[in-house]
Amino acid sequence: MNTTPRNPVPAHPSVAVAMALAAFMAAWPASATGLPAQATPLPEPGQKVALVTGSTSGLGRELALRLGARGDHVIVHGRSEERGAEVVDAINANGLGSARFYRADFASLSEVRQFAETLLADYDRLDILINNAGFGSAPDERLLTEDGHEYRFQVNYLSTFLLTHMLMPRLLASAPSRIVNVSSGAQTPIDFDDVMIEKNFSGRRAYAQSKLAQVMFTLDLAEELDGSGIVVGSLHPATYMPTEMVRRAGATPRSTIAEGADAVMQLVDSDDFESGQYFSGLSPTNGNAQAYDPEARAKLRRLSQELTGIRCRMGRCRFVGGSSE
(Lines give C-alpha, C1' and ligand atoms only; values in the text may rest on other atoms or scores of the structure.)
Protein backbone atom coordinates (compact mmCIF):
# COMPACT_ATOMS: atom_id res chain seq x y z
CA MET A 1 0.00 0.00 0.00
CA ASN A 2 1.39 3.38 -0.99
CA THR A 3 1.37 5.67 2.06
CA THR A 4 3.03 8.66 0.41
CA PRO A 5 1.04 11.80 1.34
CA ARG A 6 -1.09 13.05 -1.54
CA ASN A 7 -0.77 16.82 -1.39
CA PRO A 8 -2.28 19.22 -3.90
CA VAL A 9 0.34 20.14 -6.51
CA PRO A 10 0.40 23.72 -7.82
CA ALA A 11 0.56 23.69 -11.62
CA HIS A 12 2.46 26.99 -11.35
CA PRO A 13 3.65 27.28 -7.71
CA SER A 14 4.35 30.55 -5.96
CA VAL A 15 6.01 31.09 -2.60
CA ALA A 16 2.87 32.50 -0.98
CA VAL A 17 0.68 29.70 -2.23
CA ALA A 18 3.24 27.06 -1.27
CA MET A 19 3.38 28.44 2.28
CA ALA A 20 -0.41 28.53 2.55
CA LEU A 21 -0.71 24.96 1.31
CA ALA A 22 2.03 23.77 3.65
CA ALA A 23 0.19 25.25 6.62
CA PHE A 24 -3.11 23.77 5.47
CA MET A 25 -1.68 20.29 4.93
CA ALA A 26 0.16 20.39 8.27
CA ALA A 27 -3.21 20.71 9.97
CA TRP A 28 -4.54 17.79 7.88
CA PRO A 29 -2.14 14.92 8.63
CA ALA A 30 -1.85 11.79 6.56
CA SER A 31 -1.77 8.18 7.72
CA ALA A 32 -2.52 4.72 6.41
CA THR A 33 -5.40 4.61 3.99
CA GLY A 34 -8.67 2.79 4.53
CA LEU A 35 -8.01 1.57 8.07
CA PRO A 36 -10.32 2.40 10.97
CA ALA A 37 -8.78 4.49 13.74
CA GLN A 38 -10.52 2.46 16.46
CA ALA A 39 -11.51 -1.18 16.70
CA THR A 40 -15.11 -0.24 17.44
CA PRO A 41 -17.99 -2.68 17.05
CA LEU A 42 -19.74 -2.99 13.74
CA PRO A 43 -23.45 -2.06 13.55
CA GLU A 44 -26.01 -3.95 15.55
CA PRO A 45 -28.62 -5.94 13.60
CA GLY A 46 -31.16 -3.52 12.17
CA GLN A 47 -29.07 -0.43 12.96
CA LYS A 48 -28.93 2.04 10.09
CA VAL A 49 -25.51 2.75 8.60
CA ALA A 50 -24.60 6.23 7.33
CA LEU A 51 -21.44 7.38 5.59
CA VAL A 52 -20.60 11.09 5.72
CA THR A 53 -17.54 11.97 3.67
CA GLY A 54 -15.46 14.84 4.98
CA SER A 55 -16.90 14.45 8.47
CA THR A 56 -13.99 15.39 10.71
CA SER A 57 -14.85 19.11 10.78
CA GLY A 58 -17.45 21.70 9.79
CA LEU A 59 -20.74 20.63 8.27
CA GLY A 60 -19.72 16.99 7.92
CA ARG A 61 -18.83 16.73 11.59
CA GLU A 62 -22.19 18.19 12.61
CA LEU A 63 -24.02 15.74 10.35
CA ALA A 64 -22.07 12.79 11.76
CA LEU A 65 -22.88 13.84 15.33
CA ARG A 66 -26.59 14.26 14.52
CA LEU A 67 -26.82 10.86 12.86
CA GLY A 68 -25.02 9.22 15.75
CA ALA A 69 -27.22 10.97 18.31
CA ARG A 70 -30.32 9.44 16.78
CA GLY A 71 -28.88 5.94 16.95
CA ASP A 72 -27.28 5.37 13.54
CA HIS A 73 -23.90 3.75 12.98
CA VAL A 74 -21.78 6.45 11.36
CA ILE A 75 -18.83 5.86 9.07
CA VAL A 76 -16.67 8.93 9.73
CA HIS A 77 -14.34 9.86 6.88
CA GLY A 78 -11.51 12.34 6.54
CA ARG A 79 -7.74 12.71 6.39
CA SER A 80 -7.00 13.51 10.03
CA GLU A 81 -6.79 10.55 12.41
CA GLU A 82 -6.91 12.91 15.39
CA ARG A 83 -10.05 14.72 14.28
CA GLY A 84 -11.64 11.46 13.19
CA ALA A 85 -11.03 9.88 16.58
CA GLU A 86 -12.59 12.89 18.30
CA VAL A 87 -15.80 12.57 16.28
CA VAL A 88 -15.94 8.80 16.76
CA ASP A 89 -15.40 9.13 20.51
CA ALA A 90 -18.13 11.76 20.78
CA ILE A 91 -20.63 9.54 18.99
CA ASN A 92 -19.71 6.37 20.88
CA ALA A 93 -19.77 8.16 24.23
CA ASN A 94 -23.36 9.25 23.60
CA GLY A 95 -24.46 5.64 23.90
CA LEU A 96 -27.19 5.84 21.27
CA GLY A 97 -25.31 5.41 18.02
CA SER A 98 -21.86 4.10 17.12
CA ALA A 99 -19.08 5.17 14.79
CA ARG A 100 -15.89 4.16 13.07
CA PHE A 101 -13.27 6.29 11.29
CA TYR A 102 -11.70 5.58 7.91
CA ARG A 103 -9.04 7.65 6.22
CA ALA A 104 -8.91 8.30 2.47
CA ASP A 105 -7.55 11.14 0.38
CA PHE A 106 -9.95 12.10 -2.41
CA ALA A 107 -7.03 13.52 -4.38
CA SER A 108 -6.06 9.90 -5.08
CA LEU A 109 -8.43 7.71 -7.08
CA SER A 110 -6.54 4.62 -5.93
CA GLU A 111 -7.20 5.59 -2.29
CA VAL A 112 -10.87 6.11 -3.07
CA ARG A 113 -11.06 2.65 -4.65
CA GLN A 114 -9.35 1.11 -1.62
CA PHE A 115 -11.68 3.01 0.71
CA ALA A 116 -14.73 1.67 -1.12
CA GLU A 117 -13.36 -1.87 -1.21
CA THR A 118 -12.69 -1.75 2.53
CA LEU A 119 -16.22 -0.57 3.26
CA LEU A 120 -17.69 -3.27 1.03
CA ALA A 121 -15.73 -5.84 3.02
CA ASP A 122 -16.65 -4.37 6.42
CA TYR A 123 -20.34 -3.57 5.93
CA ASP A 124 -23.26 -5.52 4.53
CA ARG A 125 -25.55 -2.49 4.45
CA LEU A 126 -25.46 1.27 3.75
CA ASP A 127 -28.63 3.26 4.30
CA ILE A 128 -27.37 6.82 3.89
CA LEU A 129 -24.53 8.24 1.81
CA ILE A 130 -23.82 11.96 2.26
CA ASN A 131 -21.18 13.11 -0.22
CA ASN A 132 -19.92 16.15 1.67
CA ALA A 133 -16.12 16.12 1.25
CA GLY A 134 -14.76 18.99 -0.79
CA PHE A 135 -12.11 21.61 -1.42
CA GLY A 136 -12.99 25.29 -1.84
CA SER A 137 -11.94 28.09 -4.14
CA ALA A 138 -8.88 29.16 -2.14
CA PRO A 139 -5.99 29.30 -2.76
CA ASP A 140 -6.61 30.83 -6.19
CA GLU A 141 -4.06 28.59 -7.86
CA ARG A 142 -4.43 25.76 -10.37
CA LEU A 143 -3.64 22.57 -8.49
CA LEU A 144 -3.29 19.01 -9.77
CA THR A 145 -3.98 15.69 -8.08
CA GLU A 146 -1.61 12.75 -8.19
CA ASP A 147 -3.79 11.45 -11.03
CA GLY A 148 -3.04 14.62 -13.03
CA HIS A 149 -6.56 16.06 -12.85
CA GLU A 150 -7.61 19.57 -11.83
CA TYR A 151 -7.74 19.31 -8.05
CA ARG A 152 -11.25 20.54 -7.29
CA PHE A 153 -12.82 18.63 -10.17
CA GLN A 154 -11.41 15.37 -8.77
CA VAL A 155 -11.80 15.97 -5.02
CA ASN A 156 -15.28 17.48 -5.22
CA TYR A 157 -16.72 15.42 -8.05
CA LEU A 158 -14.74 12.58 -9.67
CA SER A 159 -13.97 10.83 -6.39
CA THR A 160 -17.62 11.14 -5.37
CA PHE A 161 -18.64 9.63 -8.73
CA LEU A 162 -16.30 6.69 -8.19
CA LEU A 163 -17.13 6.10 -4.52
CA THR A 164 -20.89 6.29 -5.02
CA HIS A 165 -20.87 3.76 -7.85
CA MET A 166 -18.61 1.36 -5.99
CA LEU A 167 -20.89 1.47 -2.92
CA MET A 168 -24.07 1.07 -4.96
CA PRO A 169 -24.48 -2.66 -4.16
CA ARG A 170 -24.84 -1.84 -0.46
CA LEU A 171 -27.22 1.07 -1.09
CA LEU A 172 -29.41 -1.15 -3.29
CA ALA A 173 -29.39 -3.97 -0.74
CA SER A 174 -30.44 -1.50 1.99
CA ALA A 175 -33.22 0.23 0.02
CA PRO A 176 -35.08 2.37 0.83
CA SER A 177 -31.86 4.36 1.09
CA ARG A 178 -30.59 7.89 0.39
CA ILE A 179 -27.78 9.63 -1.43
CA VAL A 180 -27.28 13.34 -0.71
CA ASN A 181 -24.73 15.34 -2.70
CA VAL A 182 -23.65 18.53 -0.92
CA SER A 183 -23.22 21.01 -3.76
CA SER A 184 -23.24 24.81 -3.79
CA GLY A 185 -25.10 27.77 -5.21
CA ALA A 186 -21.84 28.60 -7.00
CA GLN A 187 -22.23 26.79 -10.32
CA THR A 188 -20.38 27.45 -13.58
CA PRO A 189 -21.07 25.59 -16.86
CA ILE A 190 -18.48 23.00 -17.82
CA ASP A 191 -16.38 23.77 -20.89
CA PHE A 192 -15.97 20.28 -22.30
CA ASP A 193 -13.10 21.49 -24.49
CA ASP A 194 -11.16 22.48 -21.37
CA VAL A 195 -12.57 20.58 -18.40
CA MET A 196 -9.30 20.79 -16.47
CA ILE A 197 -9.29 24.58 -16.96
CA GLU A 198 -5.83 24.96 -18.44
CA LYS A 199 -6.94 28.35 -19.82
CA ASN A 200 -8.47 31.25 -17.90
CA PHE A 201 -8.20 29.45 -14.58
CA SER A 202 -9.62 30.76 -11.33
CA GLY A 203 -10.25 28.94 -8.07
CA ARG A 204 -13.84 30.11 -8.04
CA ARG A 205 -14.45 28.83 -11.56
CA ALA A 206 -12.90 25.46 -10.73
CA TYR A 207 -14.96 25.14 -7.54
CA ALA A 208 -18.20 26.20 -9.24
CA GLN A 209 -17.64 23.78 -12.13
CA SER A 210 -17.12 20.88 -9.75
CA LYS A 211 -20.26 21.77 -7.83
CA LEU A 212 -22.38 21.90 -10.98
CA ALA A 213 -20.98 18.48 -11.89
CA GLN A 214 -22.42 17.18 -8.61
CA VAL A 215 -25.89 18.46 -9.53
CA MET A 216 -25.62 16.87 -12.98
CA PHE A 217 -24.52 13.61 -11.35
CA THR A 218 -27.53 13.73 -9.03
CA LEU A 219 -29.95 14.04 -11.93
CA ASP A 220 -28.25 11.17 -13.76
CA LEU A 221 -28.41 8.94 -10.68
CA ALA A 222 -32.09 9.72 -10.15
CA GLU A 223 -32.90 8.54 -13.68
CA GLU A 224 -30.71 5.46 -13.43
CA LEU A 225 -32.06 4.43 -10.02
CA ASP A 226 -35.73 5.09 -10.74
CA GLY A 227 -37.77 2.35 -9.08
CA SER A 228 -34.81 1.01 -7.08
CA GLY A 229 -35.84 2.48 -3.73
CA ILE A 230 -32.86 4.85 -3.63
CA VAL A 231 -33.74 8.54 -3.47
CA VAL A 232 -31.08 11.04 -4.54
CA GLY A 233 -30.90 14.78 -3.85
CA SER A 234 -28.42 17.65 -4.05
CA LEU A 235 -28.34 21.02 -2.36
CA HIS A 236 -26.65 24.26 -1.50
CA PRO A 237 -26.86 23.84 2.30
CA ALA A 238 -26.24 27.43 3.43
CA THR A 239 -24.26 30.51 2.44
CA TYR A 240 -20.80 31.02 3.97
CA MET A 241 -21.04 28.83 7.04
CA PRO A 242 -18.15 29.27 9.52
CA THR A 243 -16.14 26.36 8.10
CA GLU A 244 -12.45 25.96 7.37
CA MET A 245 -13.20 26.27 3.65
CA VAL A 246 -14.91 29.64 4.14
CA ARG A 247 -12.19 30.93 6.47
CA ARG A 248 -9.51 29.94 3.96
CA ALA A 249 -11.31 31.99 1.30
CA GLY A 250 -11.38 35.01 3.63
CA ALA A 251 -15.18 35.24 3.50
CA THR A 252 -17.35 36.49 6.35
CA PRO A 253 -19.80 33.83 7.61
CA ARG A 254 -23.45 34.62 6.90
CA SER A 255 -25.15 31.48 8.19
CA THR A 256 -24.56 28.79 10.79
CA ILE A 257 -23.40 25.21 10.45
CA ALA A 258 -26.66 24.19 12.16
CA GLU A 259 -28.64 25.81 9.34
CA GLY A 260 -26.66 23.89 6.75
CA ALA A 261 -27.11 20.64 8.68
CA ASP A 262 -30.88 21.23 8.92
CA ALA A 263 -31.03 21.50 5.12
CA VAL A 264 -29.00 18.33 4.55
CA MET A 265 -31.02 16.34 7.09
CA GLN A 266 -34.21 17.35 5.32
CA LEU A 267 -32.96 15.51 2.23
CA VAL A 268 -31.90 12.56 4.37
CA ASP A 269 -35.30 12.17 6.01
CA SER A 270 -38.04 13.81 3.94
CA ASP A 271 -40.30 11.96 1.53
CA ASP A 272 -41.69 15.22 0.16
CA PHE A 273 -39.36 15.74 -2.79
CA GLU A 274 -38.67 14.06 -6.11
CA SER A 275 -35.49 12.10 -6.58
CA GLY A 276 -32.93 14.21 -8.42
CA GLN A 277 -34.23 17.52 -7.08
CA TYR A 278 -31.89 20.37 -6.15
CA PHE A 279 -32.43 22.56 -3.07
CA SER A 280 -31.10 25.86 -1.80
CA GLY A 281 -31.28 25.51 1.95
CA LEU A 282 -34.71 24.11 2.75
CA SER A 283 -36.32 25.26 -0.50
CA PRO A 284 -36.46 23.40 -3.82
CA THR A 285 -35.06 25.38 -6.72
CA ASN A 286 -33.18 24.91 -10.00
CA GLY A 287 -29.45 24.61 -10.55
CA ASN A 288 -27.54 26.00 -13.49
CA ALA A 289 -29.29 25.43 -16.83
CA GLN A 290 -26.53 23.07 -18.02
CA ALA A 291 -27.61 20.53 -15.40
CA TYR A 292 -30.87 20.00 -17.29
CA ASP A 293 -29.19 19.48 -20.67
CA PRO A 294 -29.22 15.70 -21.37
CA GLU A 295 -26.39 16.03 -23.91
CA ALA A 296 -24.15 17.84 -21.42
CA ARG A 297 -24.88 15.25 -18.74
CA ALA A 298 -24.06 12.45 -21.19
CA LYS A 299 -20.71 14.11 -21.99
CA LEU A 300 -19.93 14.43 -18.30
CA ARG A 301 -20.91 10.81 -17.65
CA ARG A 302 -18.68 9.51 -20.46
CA LEU A 303 -15.76 11.66 -19.27
CA SER A 304 -16.22 10.53 -15.67
CA GLN A 305 -16.22 6.88 -16.68
CA GLU A 306 -13.07 7.42 -18.73
CA LEU A 307 -11.19 9.25 -15.97
CA THR A 308 -12.16 6.88 -13.15
CA GLY A 309 -11.94 3.73 -15.26
CA ILE A 310 -15.28 2.47 -14.00
CA ARG A 311 -18.40 1.37 -15.83
CA CYS A 312 -21.44 0.98 -13.60
CA ARG A 313 -25.14 0.53 -13.88
CA MET A 314 -27.54 -0.38 -11.09
CA GLY A 315 -24.79 -1.61 -8.82
CA ARG A 316 -23.01 -3.73 -11.42
CA CYS A 317 -19.52 -2.25 -11.82
CA ARG A 318 -16.39 -3.14 -13.71
CA PHE A 319 -13.08 -1.40 -14.24
CA VAL A 320 -11.76 -0.88 -17.73
CA GLY A 321 -7.99 -1.05 -18.13
CA GLY A 322 -7.38 -1.03 -14.37
CA SER A 323 -7.73 -3.15 -11.24
CA SER A 324 -11.13 -4.76 -10.84
CA GLU A 325 -13.44 -4.84 -7.88
Quiz item: Side chains of Thr164 and Asn131: do they bring a donor and an acceptor to under 3.5 Å?
Solution: yes
Go through the structure and list residues passing side-chain contact (heavy atoms from CB on, under 4.5 Å) with [X], not counting sequence neighbours.
X: Asp194; result: Asp191, Glu198, Lys199
X: Ser304; result: Tyr157, Leu158, Phe161, Leu300
X: Ala291; result: Leu212, Val215, Met216, Leu219

Self-check item: Reference residue Ser210; test side chain to side chain donor-acceptor pair (under 3.5 Å); the match among Thr188, Asn156, Thr160
Solution: Asn156
Quiz prompt | From Val76, Val49, Leu51, Ile128, residue fulfilling side-chain contact (heavy atoms from CB on, under 4.5 Å) relative to Leu67 | solution = Ile128
Just jot down the salt bridge (Lys or Arg N to Asp or Glu O under 4.0 Å) partners of [X], sequence neighbours excluded, or say none.
X: Arg66; value: Glu62, Asp262
X: Asp271; value: Arg178
X: Arg302; value: none
X: Asp127; value: Arg125

Quiz item: What distance separates Ile179 CD1 from Leu225 CG, expressed to the nearest 0.5 Å?
Solution: 6.0 Å
Self-check item: Main-chain N/O of Glu44 paired with Gln47 side-chain donor or acceptor, under 3.5 Å
Solution: yes
Exercise. Using the test side-chain hydrogen bond (donor to acceptor under 3.5 Å, both in side chains), find all partners of Glu150 that sit at least two apart in sequence or belong to another chain.
Key: none
Quiz item: Excluding sequence neighbours, so at least two apart, what forms side-chain hydrogen bond (donor to acceptor under 3.5 Å, both in side chains) with Glu306?
Solution: none
Quiz item: Does anything in residues 272-296 pair up under side chain to side chain donor-acceptor pair (under 3.5 Å), and if so which pairs, sequence neighbours excluded?
Solution: Gln187-Tyr278
Practice problem: Output, in order, the C-alpha distance, side-chain angles, deciding distance and verdict of salt bridge (charged side-chain N to carboxylate O under 4.0 Å, His left out) for Arg79 and Asp105. | Solution: CA-CA 6 Å; Arg79 282 180 47 104; Asp105 186 345; 2.2 Å; yes
Quiz prompt | Nearest non-hydrogen partners of Val195 and Gln209, listed with the distance | solution = O-NE2, 2.9 Å
Practice problem: Show which residues join Leu282 in its hydrophobic cluster (side-chain heavy-atom contacts under 4.5 Å, direct or indirect), or state none. | Solution: none
Practice problem: Any chance you could pull the hydrophobic cluster mates of Phe201, using side-chain heavy atoms under 4.5 angstrom and chaining through other members? | Solution: Ile197
